[in-house]
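Encoded as structure tokens, the structure appears first; notes follow it.
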Protein chains: 2
Amino acid sequence: MANIKDVAERAGVSVATVSRVLNGRSPVAETRDRVLAAVAELGYRPNVVARALRTARTRTLGLVISDLRNPFFTELADAVEQEARRLGYSLIIGNAGESPEQQDDYIRTLLDRRIDGLMVSSAGTGSAMLREVVSRDTPLVLLDRAVPGIAAPCVRAEGRQALTDLAAHLAALGRRRPAVIVAPAGTPIGEERLELFRTALAGQRIALPEERIVSSPDLSPTGGQRMMRALLDLPEPPDAVLATDNLMALGALDEVRARGLRIPGDVALVAFDDVAWFAHTDPPLTAVAQPTRELGRAAVHTLLERIEGRAAPSVLLPAQLVPRRSCGEQPEPSHWRGAAHDRRQ
Amino acid sequence: MANIKDVAERAGVSVATVSRVLNGRSPVAETRDRVLAAVAELGYRPNVVARALRTARTRTLGLVISDLRNPFFTELADAVEQEARRLGYSLIIGNAGESPEQQDDYIRTLLDRRIDGLMVSSAGTGSAMLREVVSRDTPLVLLDRAVPGIAAPCVRAEGRQALTDLAAHLAALGRRRPAVIVAPAGTPIGEERLELFRTALAGQRIALPEERIVSSPDLSPTGGQRMMRALLDLPEPPDAVLATDNLMALGALDEVRARGLRIPGDVALVAFDDVAWFAHTDPPLTAVAQPTRELGRAAVHTLLERIEGRAAPSVLLPAQLVPRRSCGEQPEPSHWRGAAHDRRQ
DNA sequence: GCGGCTCAGGTAATCGATTACACGGGCGAC
DNA sequence: GTCGCCCGTGTAATCGATTACCTGAGCCGC
């Protein structure tokens with residue numbers, strides 16, 4: 001493969017001149033044309049490895065996601081990747097599979113590869129490597145999940161308005177015994193969703209007693225199904241259930257079906273996270289949609305700010321209620337958006 | 001950040017010695033210990049960029065996938081990533097979004113980054129960059145989709161046995177008017193599935209007339225839905241439909257539901273590709289399961305063979321029928337495997 | 001007419017590793 | 001005792017770019 005020296009020889013100039021032409025610095029039209037001609041003839045492409053060594057910038061970002069097989073994260077990763085690419089960066093994606101050890105292992109690899117910046121949707125909270133990233137001051141952005149003690153901007157969605165709308169929606173449909181299936185203990189974001197929902201319900205004068213709050217051991221359909229079973233076995237079972245993650249919602253749906261109960265007739269079901277599949281379940285599931293692609297884009301922008309040495313604030317984007325049919329039918333207040341059938345950018 | 005020179009100074013040896021210790025060549029125990037101590041004290045990590053420049057190996061693989069948001073490819077990407085990682089390679093994933101231009105653009109970027117090898121599940125067939133990859137002889141493996149004219153090993157699944165089982169399954173359940181929704185014209189793999197299914201049906205003395213073969217304009221739920229609409233509008237509508245891709249199957253399911261028809265009562269539905277969600281639809285969908293994770297692993301192994309300069313044959317792994325309830329109930333012949341509820345490795 | 005300024009472009013240092021080659025000391029063989 | 005070999009280690013070239021610094025030509029002003 002041709003290198004810069006070959007180009008220089010062919011154009012009858014020095015390597016410095018070639019480099020300057022290619023980086024848009026100074027040289028005069030006539031020289032420039034000769035260089036560009038040589039580049040074209042040889043099919044020359046700069047060696048990014050050599051460039052990275054010299055400039056200490058790889059134009060590569062890292063993304064460590066907690067579970068790639070969760071469709072929410074898949075879409076997030078896709079959005080991040082597209083935006084990074086649009087801005088001239090490559091992306092290395094690591095899948096931590098909800099394991100803090102694997103996550104640390106990944107971060108290590110990414111640091112070794114001298115990525116310019118890192119985005120992490122952290123599994124667990126006490127990551128030693130995250131601390132290392134901060135202390136090395138490699139630009140870092142937390143995605144979807146804040147981590148206590150890690151001083152880095154966090155990009156995530158917040159459900160206050162959506163959950164307020166949801167409480168109103170449920171109240172209007174006559175639901176009086178709500179329940180919540182929350183994420184495993186220790187994931188701060190689950191707690192927050194629970195609290196916001198509780199407050200929203202209070203605004204409708206609906207109580208959310210402790211026995212109707214169950215915490216799944218993991219973010220999986222199996223966990224969701226077990227929790228739904230527990231709820232339906234209650235002496236006074238709920239008439240509406242919110243699952244704080246899409247996979248748990250899916251398991252919950254299975255359990256309702258397995259019992260031969262009907263949605264929304266016997267129990268309403270709402271998922272936090274709106275994934276494309278929810279429009280295709282039977283019935284289509286009402287969901288709290290996070291602005292997934294916007295989150296991805298915002299994460300990249302925030303990270304680039306950090307990379308360029310500027311301060312960057314955390315970003316909190318509003319989630320929105322997407323009412324479908326799993327709670328019953330109700331005319332939509334005008335500020336709800338319609339369906340989210342195709343959220344592709 | 002500490003570099004090899006710092007380590008050398010601290011250990012009182014030359015950089016060559018440090019390098020040799022770290023690469024497991026020669027030096028004697030006592031020196032070795034001093035070097036390792038210095039490495040530990042300084043928290044030294046080799047600069048992989050510098051190493052890549054010198055050795056011309058990046059220990060990075062590239063994967064260009066035709067659509068990351070298709071759960072089949074997500075799982076494939078995840079499997080590839082895990083295996084690559086296990087063998088000490090990083091992976092850069094590119095999402096071509098079924099666009100040949102974007103695919104070429106990606107391949108370009110990956111070549112620029114001097115990846116050691118490339119895996120591509122190609123969108124479309126006439127890729128100029130794929131040709132370039134071959135002519136540069138960068139190790140290449142085609143994934144899931146062969147490309148005519150590109151001399152590279154191809155790793156994919158083959159459905160002969162599964163489709164034979166499917167034909168028997170449908171025959172046993174009394175289905176006599178099968179139909180197929182195939183992938184867009186030009187994707188060789190869709191054609192193959194169609195042919196295998198036709199042959200299998202013939203073995204059961206069931207005909208597959210042309211009017212019951214419809215070709216979707218794209219691999220999407222919308223395309224699948226439109227095709228199902230066409231099939232159901234036929235004067236003699238089918239009593240069993242095979243969709244050759246999971247997204248099209250999903251759209252087909254929507255259409256059946258929208259018409260208030262029942263599955264399997266009114267029409268049976270089978271998907272090619274088994275994705276986790278199919279176990280959760282109503283009814284759970286019978287599917288032809290590709291051995292997705294095995295495909296991913298095989299692709300990585302094949303690629304590494306090529307990277308190490310050895311010849312590597314194409315790999316053809318058998319798909320398997322996973323009967324659920326969307327064709328009706330039938331006792332299972334013993335060679336069918338059970339459900340594929342959790343195919344995570 | 002000459003000093004000095006501008007500017008294109010060349011020379012060479014540099015990034016951080018790997019590795020070919022050189023060197024010197026110890027040791028075995030004769 | 002000397003020759004030569006082996007082995008451990010150091011010196012320096014190298015990968016392919018970027019870029020600080022220098023040089024020399026052209027031009028302007030006084």
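Not measured: the values here are computed from a predicted model. In what follows, every chain begins at residue 1, and chains take the letters A, B, ... in the order their sequences are listed.
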> Given atom CD of E9(B) and atom P of dG10(D), what is their separation to the nearest angstrom?
Replying inline: 13 Å
> Does S19(A) put a side-chain nitrogen or oxygen below 4.0 Å from OP1 or OP2 of dT19(D)?
Replying inline: no
> So what does V48(A) touch, heavy atoms closer than 4.0 Å: a base, only the sugar-phosphate, or nothing?
Replying inline: nothing
> Any donor and acceptor pair, going by atom type alone, linking the side chain of T60(A) with main-chain N or O of L91(A) inside 3.5 Å?
Replying inline: no
>> Taking 4.0 Å as the cut-off, does a side-chain nitrogen or oxygen of N3(A) come that near to OP1 or OP2 on dG16(D)?
In response: yes
> For the side chain of P46(B), counting heavy atoms from C-beta on, which of dA12(C), dA17(C), dA17(D) is nearest?
Replying inline: dA17(C)
> Minimum heavy-atom separation for L143(B) to L295(B), with atom names?
Replying inline: CD2-O, 4.4 Å
>> Could you tell me how far apart D112(B) (CG) and dG16(D) (P) are, to the nearest whole angstrom?
In response: 15 Å
> In whole Å, what is the span from the NZ atom of K5(B) to the C1' atom of dT11(D)?
Replying inline: 13 Å
> Does a distance-only test, which skips hydrogens and angles, find a donor-acceptor pair under 3.5 Å between the side chain of R20(B) and the base of dG10(D)?
Replying inline: yes
> Donor-acceptor pair under 3.5 Å: do we get one between R54(A)'s side chain and the base of dT14(C)?
Replying inline: yes
> Any side-chain N or O of N23(A) under 4.0 Å from OP1/OP2 of dT18(D)?
Replying inline: yes
>> To the closest 0.5 Å, what do you measure between CG (N95(A)) and OG (S66(A))?
In response: 8.0 Å
> If you take all heavy atoms of S90(B) and R113(A), which pair is closest and at what distance?
Replying inline: OG-NE, 2.8 Å
> In whole Å, what is the span from the CG atom of L22(A) to the P atom of dT19(D)?
Replying inline: 13 Å
> dC15(D) P sits how many Å from D6(A) CG, rounded?
Replying inline: 11 Å
> So does T17(A) get a side-chain nitrogen or oxygen closer than 4.0 Å to the phosphate oxygens (OP1/OP2) of dG9(C)?
Replying inline: no
> In whole angstrom, what separates M1(B)'s CE from dG16(C)'s P?
Replying inline: 9 Å
> When all nucleic acid strands are considered with a 4.0 Å heavy-atom cut-off, which category describes T55(B): base, sugar-phosphate, or nothing?
Replying inline: sugar-phosphate
> Who passes side chain to side chain donor-acceptor pair (under 3.5 Å) against S99(B), sequence neighbours left out?
Replying inline: E101(B)
>> Expressed as a whole number of angstroms, how long is the span from L53(A):CG to dT18(C):P?
In response: 12 Å
>> Using whole Å, what does the distance between atom C1' of nucleotide dA17(C) and atom CZ of R114(A) come to?
In response: 11 Å
> Between dT11(D), dA17(C), dG16(D), which nucleotide gets closest to the side-chain atoms of I4(B)?
Replying inline: dA17(C)
